[in-house]
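Working notes, structure below.
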Amino acid sequence: MENWIKRVLLKKRKQCIWLMVLTLSAVVGNACAEQHSPLIEPDVKPVVLDEAMIDSENFELGVFTGVMNIEDFESALVYGTRLAFHLSENLMFETHIGMSEAGQSSFETLGAVEVLSSDDRDYLYYNFGVAFKLPGESYFGRDYAFNNNVYVSAAVGATDFAGETRLTGVVGLGYQLLLTDFVSLHFTAKEHFYEIDVVGPEKISFNSELGMGVSLFF
């Protein structure tokens, strides 16, 4: 009788031990699952991208105005048009057509002699060149940020002045501020140079231009 009671108690002890082991395993498993699961499930919804909504305008057309300092003559108003093609983020090609009118030279002012007729004072230039851009951002206060480009340019073209057409080289520095994805402002400083012999021996004439303009992308 005593042996039977011992066997029953031993069997009950083993069952209790197995039950404790299973319970402990379940508790540990739940703790690990809770540790690896996020407390907040993110509500992520896929966004369908419409490629037609991505701006892909590479051409830029605009107008500009400024001041042209024509060497040996007075500074005068200059204005014109500009067309550009953006080949990449850092490279663009551009062409300009500008018009101005030369004032009196110092020789004419001092000697009271007319060197150029009124028609010969018309100043017209046109050129084609390339520009290298360095993109960046401009900040206005805390709430406004605009994309911009600082660029250096070089061009070759012609200048109609004093009754002749002269081969002209142009180098410049520009700053472009993009107000929206299709409107931008430009601020430029350029140097036009060509050979001329209107008021003396033939020499290379340097003509500085400061200007600003607005353009549209299309």
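Connection of Met68 to Val170 is not established within any shared hydrophobic cluster, with ILVMFWY side chains joined at heavy-atom distances below 4.5 Å, either directly or through further cluster members. Under a hydrophobic-cluster definition in which Ile, Leu, Val, Met, Phe, Trp and Tyr are linked whenever side-chain heavy atoms come within less than 4.5 Å, directly or via other members, Val63 and Phe187 are assigned to the same cluster. Hydrophobic clustering, with ILVMFWY side chains joined whenever heavy atoms are under 4.5 angstrom apart, keeps Phe206 apart from Leu210. Val156 and Tyr123 fall into different hydrophobic clusters, defined by Ile, Leu, Val, Met, Phe, Trp and Tyr side-chain heavy atoms under 4.5 Å apart, directly or through other members. Put simply, Ile204 and Phe73 are part of two different groups of oily side chains (I, L, V, M, F, W, Y) that touch within less than 4.5 Å, one to the next.
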Fill in: Stepwise side-chain contact (heavy atoms from CB on, under 4.5 Å) check, Tyr175 with Thr188
CA-CA 6 Å; Tyr175 173 78; Thr188 58; over 6 Å; no

### Derivation of the side-chain contact (heavy atoms from CB on, under 4.5 Å) call for Thr165 and Thr159
CA-CA 5 Å; Thr165 300; Thr159 300; over 6 Å; no

Worksheet item: What do the steps show when you test His186 against Phe64 for ring pair (Phe, Tyr, Trp, His ring centres under 6.0 Å), and what is the final call?
Response: CA-CA 8 Å; His186 287 263; Phe64 65 89; 9.8 Å; no

Inset, instruction - Start with the C-alpha gap between Val198 and Leu116, add the side-chain angles, then the distance that decides, and say whether side-chain contact (heavy atoms from CB on, under 4.5 Å) holds. - result: CA-CA 8 Å; Val198 173; Leu116 298 176; 3.8 Å; yes

(Q) Could you go through Asn149 and Leu178, starting from their C-alpha distance and side-chain angles, then the distance that decides it, and tell me whether this counts as side-chain contact (heavy atoms from CB on, under 4.5 Å)? (A) CA-CA 8 Å; Asn149 290 301; Leu178 286 86; 3.8 Å; yes

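When the shell of 6.0 Å around CZ of Phe193 is examined, it contains more than 12 heavy atoms from other residues, nucleotides or ligands.
A pairwise comparison of heavy atoms in Pro135 and Asn90 identifies CD-ND2, 3.4 Å as the closest pair. Taking every heavy atom of both residues into account, Leu77 and Gly66 meet most closely at CD1-O, 3.3 Å.
Here the side chains of His86 and Phe217 are in contact, with some heavy-atom distance below 4.5 Å. Between Tyr151 and Gln176 the shortest side-chain heavy-atom distance falls below 4.5 Å. In this structure, Lys133 and Glu89 have side chains that are not in contact, with every pair of non-hydrogen atoms separated by 4.5 Å or more. Side-chain atoms of Tyr125 and Glu209, non-hydrogen and from C-beta on, do get closer than 4.5 Å to each other. Annotation: side chain of Ile70 is in contact with side chain of Phe161 (closest heavy-atom distance under 4.5 Å). Considering only heavy atoms from C-beta on, Val78 stays 4.5 Å or farther from Val67 through its side chain. The shortest distance between side-chain heavy atoms of Ser184 and Leu179 does not fall below 4.5 Å. Within the 4.5 Å cutoff, the side chain of Leu216 has no heavy atoms near those of the Leu61 side chain.
Put simply, CD1 on Ile196 and NZ on Lys203 are 8.0 Å apart, with the number rounded to the nearest 0.5 Å. Of the inter-residue distances, the one linking Glu60 atom CD with Met92 atom CE reads 6.5 Å to the nearest 0.5 angstrom. Atom NZ of Lys190 sits about 11.0 Å away from atom CG of Leu173, to the nearest 0.5 Å. The CG atom of Leu134 sits 10.0 Å away from the CG atom of Asn148 when rounded to the nearest 0.5 Å. Here the CD1 atom belonging to Ile97 is positioned 7.5 Å from the CG atom belonging to Leu124, to the nearest 0.5 angstrom.
Of the possible polar contacts, one joining the Thr168 side chain to the Arg166 backbone as a donor-acceptor pair under 3.5 Å is found. The backbone N or O of Gly103 sits less than 3.5 Å from a side-chain atom of Arg121, completing a donor-acceptor pair.
Between the side chains of Tyr194 and Glu164, not a single donor N or O lies within less than 3.5 Å of an accepting N or O. Side-chain atoms of Glu195 and Ser205 include no donor-acceptor pair closer than 3.5 Å.
Relative ring orientation between Phe128 and Phe93 is described as parallel, the plane-to-plane angle staying below 30° on a 0-90° scale split at 30° and 60°. A parallel orientation is assigned to the rings of Tyr144 and Phe146, their planes being inclined by less than 30° (bins at 30° and 60°).
Scanning for side chain to side chain donor-acceptor pair (under 3.5 Å) contacts around Gln104 gives an empty result, with sequence neighbours left out.
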